[in-house]
Amino acid sequence: MPRLTVRDFDLRSTVECGQLFTYARLGEWYYITGQQKLFAIRQREREVEYRGVDEGFIRRFFRLDDDLVDIRRSLKKDPIVARAFSESMGLRLVRLELWEAIVGFICSQACNIPRIRTVLKAIAEAWGGRVELDGFVMYLLPRPQALPGEAKLREAGAGFRARYLKQAAERVDDALLDRLRRMDYHSARRTLLSIPGVGPKIADCVCLFSLGFLAAFPIDTWIRKMMRDFYFHGSNATDQRIRDFGQAHFGEYAGYAQQYLYAFYRRCPLERWNAAAADGRMHFPSGRNAER
DNA sequence: AGACAGGGGAGTG
DNA sequence: CACTCCCCTGTC
């Protein structure tokens, strides 16, 4: 059984923090489909064991070569992000396959993680390739040309996203995927936005979780709320303003900042921050978050 | 019962 | 640009 010693890596939070939906958990093992493969992985302290893929795949998929200490240091000037890192150190971004990411995040719109997983599982089981590892069977997400029509996708539970999925599958082919993989952040984002069902949020998710543009700063309802609370004095700043600020303020690792803030804010929203601050257990930057 | 959710699109001012 | 409404479906 291949093993790998890791540092600054937490498998559970990495898998379950809303960037990866195609997995099954069996005891301490995660069975994950990604990059058109099935693999299994578990973590015990600083050691991970895995099956189904090689070490290079694991390192690449979980971005184990990202220097989290360095990333943390470069974001440390922001006390809120610093706090989020100290709570969740080891959370890493993943590197999804491009089309799988597009499908996954189109399905993610206006629904929660359990439901995203249910829909993707249904689509994979109906039209994706069967894969097996040690007797455990899963199904890969279908390639664009293997995706069925809107009506069938609707039956699978995709709802109004069915039309987007089908239109996206008609727009996307291997040539486009290859071109996207060679583009810079702005070109890739602009091109992704031209795909039906892909708006600003989904485009940035794909840029961050698949294409590896760590400066991408996707804004969903949690990040929107969190950014308004902590960086805009609770005002109703538009997503455009939040994004501009986020990228300017957090810089090249804005995506990591976003991921840690997201993970932490979901566990610990503003009310609890304030309670902790009132106890003197937390320090806030002056002028921010004074009351509310 | 009726609103709302981990968005996008189309339409309007 | 910024704002509104609708879209599937489950849940409170």
Side-chain angles (χ1 to χ4, degrees), chain A residues 12-23 84 88 91 93-94 96 99-123 126 147-172 186 188-210 216-230 232 235-247 254-270:
Chain A
R12 178 174 184 161
S13 60
T14 297
V15 172
E16 297 191 6
C17 72
Q19 52 180 340
L20 173 62
F21 308 113
T22 51
Y23 67 89
S88 306
L91 169 61
L93 299 172
V94 295
L96 306 174
W99 170 248
E100 292 170 353
I102 293 170
V103 171
F105 288 110
I106 286 178
C107 287
S108 79
Q109 63 186 58
C111 65
N112 55 31
I113 293 175
R115 191 168 162 227
I116 301 166
R117 296 183 59 202
T118 301
V119 172
L120 290 177
K121 185 166 184 276
I123 291 173
L147 220 60
E150 180 184 338
K152 300 260 188 201
L153 287 165
R154 213 167 267 266
E155 280 175 39
F160 62 83
R161 305 155 198 86
R163 179 182 311 167
Y164 300 148
L165 286 171
K166 186 55 186 169
Q167 290 177 342
E170 287 165 353
R171 169 97 166 72
V172 170
H186 287 296
R189 186 171 190 274
R190 194 173 55 244
T191 305
L192 286 164
L193 286 173
S194 73
I195 297 173
V198 177
K201 191 267 184 180
I202 307 297
D204 271 329
C205 282
V206 173
C207 282
L208 182 60
F209 302 124
S210 175
F217 196 77
I219 298 170
D220 56 44
T221 59
W222 289 92
I223 289 295
R224 181 181 305 120
K225 180 167 165 44
M226 179 268 153
M227 292 296 287
R228 285 174 174 176
D229 281 347
F230 286 106
F232 290 90
S235 73
N236 288 331
T238 63
D239 288 357
Q240 185 56 55
R241 277 189 62 201
I242 294 173
R243 182 169 173 269
D244 290 345
F245 172 82
Q247 296 194 314
Y256 262 108
Q258 177 269 166
Q259 196 67 358
Y260 274 84
L261 290 172
Y262 175 82
F264 187 44
Y265 193 71
R266 289 196 63 182
R267 289 212 308 273
C268 188
L270 182 64

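Order of the sequence lines fixes the chain letters, A, B, ..., with proteins taken first and strands second; residue numbering starts at 1 for each chain.
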Under 4.0 Å, counting only non-hydrogen atoms across every strand here, what does Gly18(A) touch: a base, just sugar-phosphate, or nothing? base
Among [options], the nucleotide that comes nearest once only the side chain of [X] is considered:
X	options	result
Ile202(A)	dA2(C), dC8(C), dG8(B)	dG8(B)
Gln240(A)	dG7(B), dC8(C), dA2(C)	dA2(C)
Arg115(A)	dG7(B), dC3(C), dT9(C)	dT9(C)
Tyr164(A)	dG9(B), dC3(C), dC8(C)	dG9(B)

To the nearest 0.5 Å, tell me how far Ile195(A) CD1 sits from Ile202(A) CD1. 11.5 Å
If I take atom [atom1] in residue [X] and atom [atom2] in nucleotide [N], what distance separates them, rounded to the nearest angstrom?
X	N	atom1	atom2	value
Arg241(A)	dC1(C)	CZ	C1'	14 Å
Ile219(A)	dG8(B)	CD1	P	11 Å
Lys225(A)	dG7(B)	NZ	C1'	18 Å
Ile116(A)	dC8(C)	CD1	C1'	14 Å
Lys166(A)	dC8(C)	NZ	C1'	19 Å
Asp239(A)	dG7(B)	CG	P	10 Å
Glu150(A)	dG8(B)	CD	C1'	15 Å
Gln167(A)	dC7(C)	CD	P	16 Å

Might you point out which heavy atoms bring Ile123(A) and Ala156(A) nearest each other, and give the distance in Å? CG1-CB, 4.4 Å
Roughly how many Å apart are dT4(C) and dA3(B), using the P atom of each and rounding to a whole number? 16 Å
dC8(C) and dA1(B), which share atom name P, separated by this distance in whole Å: 23 Å
Is the backbone of Ala158(A) close enough, under 3.5 Å, to the side chain of Arg161(A) for a donor and an acceptor to pair up by distance? yes
Whether over 12 other heavy atoms sit under 6.0 Å from Arg163(A) CZ: no
Ignoring hydrogens and angles, does a donor from either the side chain of Arg161(A) or the base of dC8(C) sit under 3.5 Å from an acceptor on the other? yes
For dC4(B), give its Watson-Crick or G-U wobble partner with both distances under 3.5 Å, or none. dG10(C)
Would you call the rings of Phe209(A) and Phe105(A) parallel, tilted or perpendicular, where under 30° means parallel and over 60° means perpendicular? parallel
